[in-house]
Number of protein chains: 2
Amino acid sequence: MKSSNNNDARYFSIDKYSCSVEATIDVIGGKWKSVIIYYLLDGKKRFNELKRLNNGITQRMLTLQLRELEADGIIHREVYREVPPKVEYSLTEFGQELRPLILMLKSWGMNNTEKVIENRSKYTNKLK
Amino acid sequence: MKSSNNNDARYFSIDKYSCSVEATIDVIGGKWKSVIIYYLLDGKKRFNELKRLNNGITQRMLTLQLRELEADGIIHREVYREVPPKVEYSLTEFGQELRPLILMLKSWGMNNTEKVIENRSKYTNKLK
DNA sequence: CAGGATCCTATCGGATACTG
DNA sequence: CAGTATCCGATAGGATCCTG
């Protein structure tokens with residue numbers, strides 16, 4: 001979470017969403033969230049583990065995204081009082097309900113990303 | 001599209017995506033795209049029609065999002081040479097392949113948005 | 001190890017005015 | 001009607017340094 005003030009756009013009411021598609025995207029959208037959830041589908045992960053899996057994400061962004069997912073009730077954050085510290089992230093039961101959705105995102109991407117890339121370059125060339 | 005220069009982040013190769021989930025989100029993510037696609041599921045729509053349906057979207061943003069969806073091969077833009085001008089947007093065959101995904105986004109949102117909102121406010125209060 | 005705190009830039013996205 | 005063009009503030013996101 002960015003801060004605890006109530007101006008945060010994430011804390012508007014349900015009326016904020018004119019379409020429920022938008023609401024779902026608000027939960028799993030953004031550059032990293034759906035990928036984080038994807039990696040949590042097969043079990044809990046530690047902070048640095050997630051950082052390695054999400055190639056290129058910075059500590060700051062990972063922290064922010066994890067906090068938002070936690071706030072939405074999608075993931076659980078378990079802190080072990082040890083030295084050195086150990087924190088494990090896992091999907092909540094509620095978060096598990098995203099499984100079919102995330103798997104479909106994965107599947108669509110595997111089947112169609114190449115075509116998208118190809119379309120984009122064709123379109124760019126057509127503009128010239 | 002923002003411009004025709006090749007620095008545009010959208011024109012990186014497939015290697016840009018470390019996970020295919022990320023690639024899919026790049027196509028349907030953002031604040032408006034999935035909603036636009038949702039409204040196109042039941043047939044072609046004109047520009048201002050989409051503008052009205054996407055409550056609050058500005059002309060500028062609608063144009064930008066439509067151009068990107070067109071570049072990715074998701075939608076088709078049909079221009080009628082009339083006065084006043086008439087432009088119709090529709091899903092391509094490729095875009096139709098997103099149907100199950102979009103419907104699942106819609107369905108998840110309908111079933112779970114209230115709980116998300118509730119979780120968020122609980123979380124915020126816990127922080128105080 | 002798992003972050004918090006700062007600082008900074010780039011992109012997102014809105015407001016307004018104009019046009020073929 | 002369906003856009004462009006321009007300006008601007010807000011937010012996303014990265015780099016770096018610090019710490020229990």
Side-chain angles (χ1 to χ4, degrees), chain A residues 1-12 16 18 22 25-36 44-70 75-90 127, chain B residues 1-5 7-12 16 18 22 25-26 28-36 44-70 75-90 127:
Chain A
M1 195 119 4
K2 298 131 214 172
S3 72
S4 58
N5 76 55
N6 286 326
N7 295 330
D8 192 322
R10 282 171 53 78
Y11 299 96
F12 285 143
K16 163 118 179 87
S18 59
E22 190 184 348
I25 286 295
D26 198 32
V27 174
I28 64 161
K31 195 172 172 184
W32 308 103
K33 282 184 186 176
S34 57
V35 184
I36 292 172
K44 54 191 175 188
K45 298 269 181 302
R46 298 181 63 173
F47 185 85
N48 274 343
E49 210 171 346
L50 284 172
K51 185 158 151 42
R52 270 190 302 277
L53 288 169
N54 286 266
N55 193 24
I57 195 172
T58 59
Q59 289 189 332
R60 182 181 122 87
M61 285 314 299
L62 182 54
T63 303
L64 287 173
Q65 303 302 302
L66 288 171
R67 288 296 180 283
E68 289 195 357
L69 288 170
E70 192 191 357
I75 65 173
H76 171 67
R77 178 171 181 262
E78 185 73 34
V79 182
Y80 297 85
R81 292 318 245 136
E82 306 174 357
V83 178
K86 174 175 165 184
V87 178
E88 280 178 348
Y89 293 92
S90 56
L127 291 183
Chain B
M1 196 112 7
K2 298 131 212 172
S3 72
S4 57
N5 78 54
N7 294 332
D8 193 322
R10 282 170 56 77
Y11 298 95
F12 286 143
K16 164 117 178 91
S18 60
E22 190 184 349
I25 286 295
D26 197 33
I28 64 162
K31 195 171 170 185
W32 308 103
K33 281 184 185 175
S34 59
V35 184
I36 292 172
K44 54 192 176 187
K45 298 271 182 299
R46 299 182 61 174
F47 185 87
N48 274 341
E49 210 170 345
L50 285 172
K51 184 157 152 42
R52 270 189 303 277
L53 289 169
N54 286 266
N55 194 24
I57 194 172
T58 58
Q59 287 190 331
R60 181 181 123 89
M61 286 313 298
L62 182 53
T63 302
L64 287 173
Q65 304 301 304
L66 288 171
R67 290 295 181 281
E68 291 195 355
L69 288 170
E70 192 191 356
I75 65 174
H76 171 68
R77 179 171 181 261
E78 185 72 34
V79 182
Y80 296 85
R81 292 317 245 136
E82 304 175 358
V83 177
K86 175 177 166 184
V87 178
E88 280 178 347
Y89 293 91
S90 56
L127 292 182

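Here is how names work: the chains are called A, B, and so on, in the same order as the sequence lines, proteins then strands, and each is numbered from 1.
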Colleague: Check every atom of D:dA2, C:dG3, C:dG14 against the side chain of B:Arg46 and return the nucleotide holding the closest atom.
Modeller: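 Nearest nucleotide to the side chain: D:dA2.
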
Colleague: Take a 6.0 Å sphere around CG of A:Asn48 and say whether it holds more than 12 heavy atoms from other residues, nucleotides or ligands.
Modeller: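 Yes, because the 6.0 Å sphere around CG of A:Asn48 holds more than 12 heavy atoms from other groups.
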
Colleague: Is the number of heavy atoms from other residues, nucleotides or ligands under 6.0 Å of A:Lys86 NZ greater than 12?
Modeller: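 Correct, the count exceeds 12.
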
Colleague: Can you give me the closest heavy-atom contact between A:Pro85 and A:Arg46, atom names plus distance?
Modeller: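 Heavy atoms only, the tightest pair is O-NH2, 3.5 Å.
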
Colleague: Check step by step if side-chain contact (heavy atoms from CB on, under 4.5 Å) holds for B:Leu66 and B:Phe47.
Modeller: CA-CA 9 Å; B:Leu66 288 171; B:Phe47 185 87; 3.9 Å; yes

Colleague: Taking any heavy-atom pair under 4.0 Å as a contact, classify A:Lys31: base, sugar-phosphate, or nothing.
Modeller: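 If one applies the 4.0 Å heavy-atom cut-off, A:Lys31 turns out to touch the sugar-phosphate alone, with no base involved.
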
Colleague: What's the separation between atom CD1 in B:Ile25 and atom CH2 in A:Trp32, rounded to the nearest 0.5 Å?
Modeller: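 Separation between the atoms: 13.0 Å.
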
Colleague: Which ones in residues 77-88 of chain B lie close to DNA chain D, meaning a heavy atom under 4.0 Å from one of its atoms?
Modeller: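 Of all residues in residues 77-88 of chain B, the ones placing a heavy atom under 4.0 Å from DNA chain D are B:Arg77, B:Pro84, B:Pro85, B:Lys86, B:Val87.
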
Colleague: Would you indicate whether the side-chain heavy atoms of B:Leu62 and B:Gln59 approach each other to under 4.5 Å?
Modeller: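 SC-SC contact between B:Gln59 and B:Leu62 ruled out.
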
Colleague: Between A:Leu69 and A:Val27, what is the shortest heavy-atom contact and its length?
Modeller: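 Closest approach of A:Leu69 to A:Val27: CD2-O, 3.9 Å.
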
Colleague: Rounding to an integer number of Å, can you tell me how far A:Gln59 CD sits from D:dG13 P?
Modeller: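 These atoms are roughly 17 Å apart.
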
Colleague: Rounded to the nearest 0.5 Å, what separates atom CD in B:Glu70 from atom OG1 in B:Thr63?
Modeller: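 The OG1 atom of B:Thr63 is 11.5 Å from CD of B:Glu70, to the nearest 0.5 Å.
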
Colleague: Measure from CD on B:Gln65 to P on C:dG13 and round the result to the nearest Å.
Modeller: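 Rounded to whole Å, this separation is 6 Å.
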
Colleague: Return the angle between end axes of the helix from C:dC1-D:dG20 to C:dG20-D:dC1, with five pairs used per end and rounding to 10°.
Modeller: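 Inter-axis angle at the ends, rounded: 60°.
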
Colleague: Rounded to whole angstrom units, what separation is found between the NZ atom of A:Lys51 and the P atom of D:dG14?
Modeller: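 So the two atoms are 10 Å apart, to the nearest Å.
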
Colleague: Of the options D:dT4, D:dG13, D:dC17, whose atoms approach the side-chain atoms of B:Arg67 most closely?
Modeller: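 Of all the options, the side chain of B:Arg67 is nearest to D:dT4.
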
Colleague: Rounded to whole Å, how long is the line connecting atom CG of A:Leu62 with atom P of C:dG4?
Modeller: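 From A:Leu62 CG to C:dG4 P: 11 Å.
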
Colleague: Quick one: A:Tyr89 OH to C:dC1 P, roughly how many Å, whole number?
Modeller: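 Distance check: A:Tyr89 OH to C:dC1 P gives 15 Å.
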
Colleague: Once you round it to whole Å, what is the distance between P of C:dG13 and CG of A:Asp26?
Modeller: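 It is 11 Å, rounded to the nearest whole Å.
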
Colleague: Would you state whether a donor and an acceptor, one from the side chain of A:Arg60 and one from the base of D:dG13, lie under 3.5 Å apart?
Modeller: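 By the distance-only test, yes, there is a pair.
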
Colleague: Which one, D:dG14, D:dC1, C:dG3, comes nearest to the side chain of A:Trp32?
Modeller: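 Minimum distance to the A:Trp32 side chain belongs to D:dG14.
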
Colleague: So if I take every side-chain heavy atom of A:Phe47 and compare against D:dT4, C:dG3, C:dC1, which nucleotide ends up nearest?
Modeller: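 Nearest nucleotide to the side chain: C:dG3.
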
Colleague: Both A:Leu66 and B:Met61 contact DNA chain C. Taking the nearest nucleotide for each, which residue is further toward the 5' end?
Modeller: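 Checking each residue's closest nucleotide, the 5'-ward one belongs to A:Leu66.
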
Colleague: Roughly how far, to the nearest 0.5 Å, is CD of A:Glu22 from NZ of B:Lys33?
Modeller: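 Result: 15.0 Å between the selected atoms.
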
Colleague: Expressed as a whole number of angstroms, how long is the span from B:Glu68:CD to C:dC12:C1'?
Modeller: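 Value for this atom pair: 11 Å.
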
Colleague: Per the side-chain contact (heavy atoms from CB on, under 4.5 Å) rule, which among B:Leu53, B:Asn54, B:Ile75 passes with B:Ile36?
Modeller: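 Per the side-chain contact (heavy atoms from CB on, under 4.5 Å) rule, the option paired with B:Ile36 is B:Asn54, out of B:Leu53, B:Asn54, B:Ile75.
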
Colleague: In whole Å, I'd like the distance from the NZ atom of A:Lys33 to the P atom of D:dA12.
Modeller: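 Value for this atom pair: 9 Å.
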
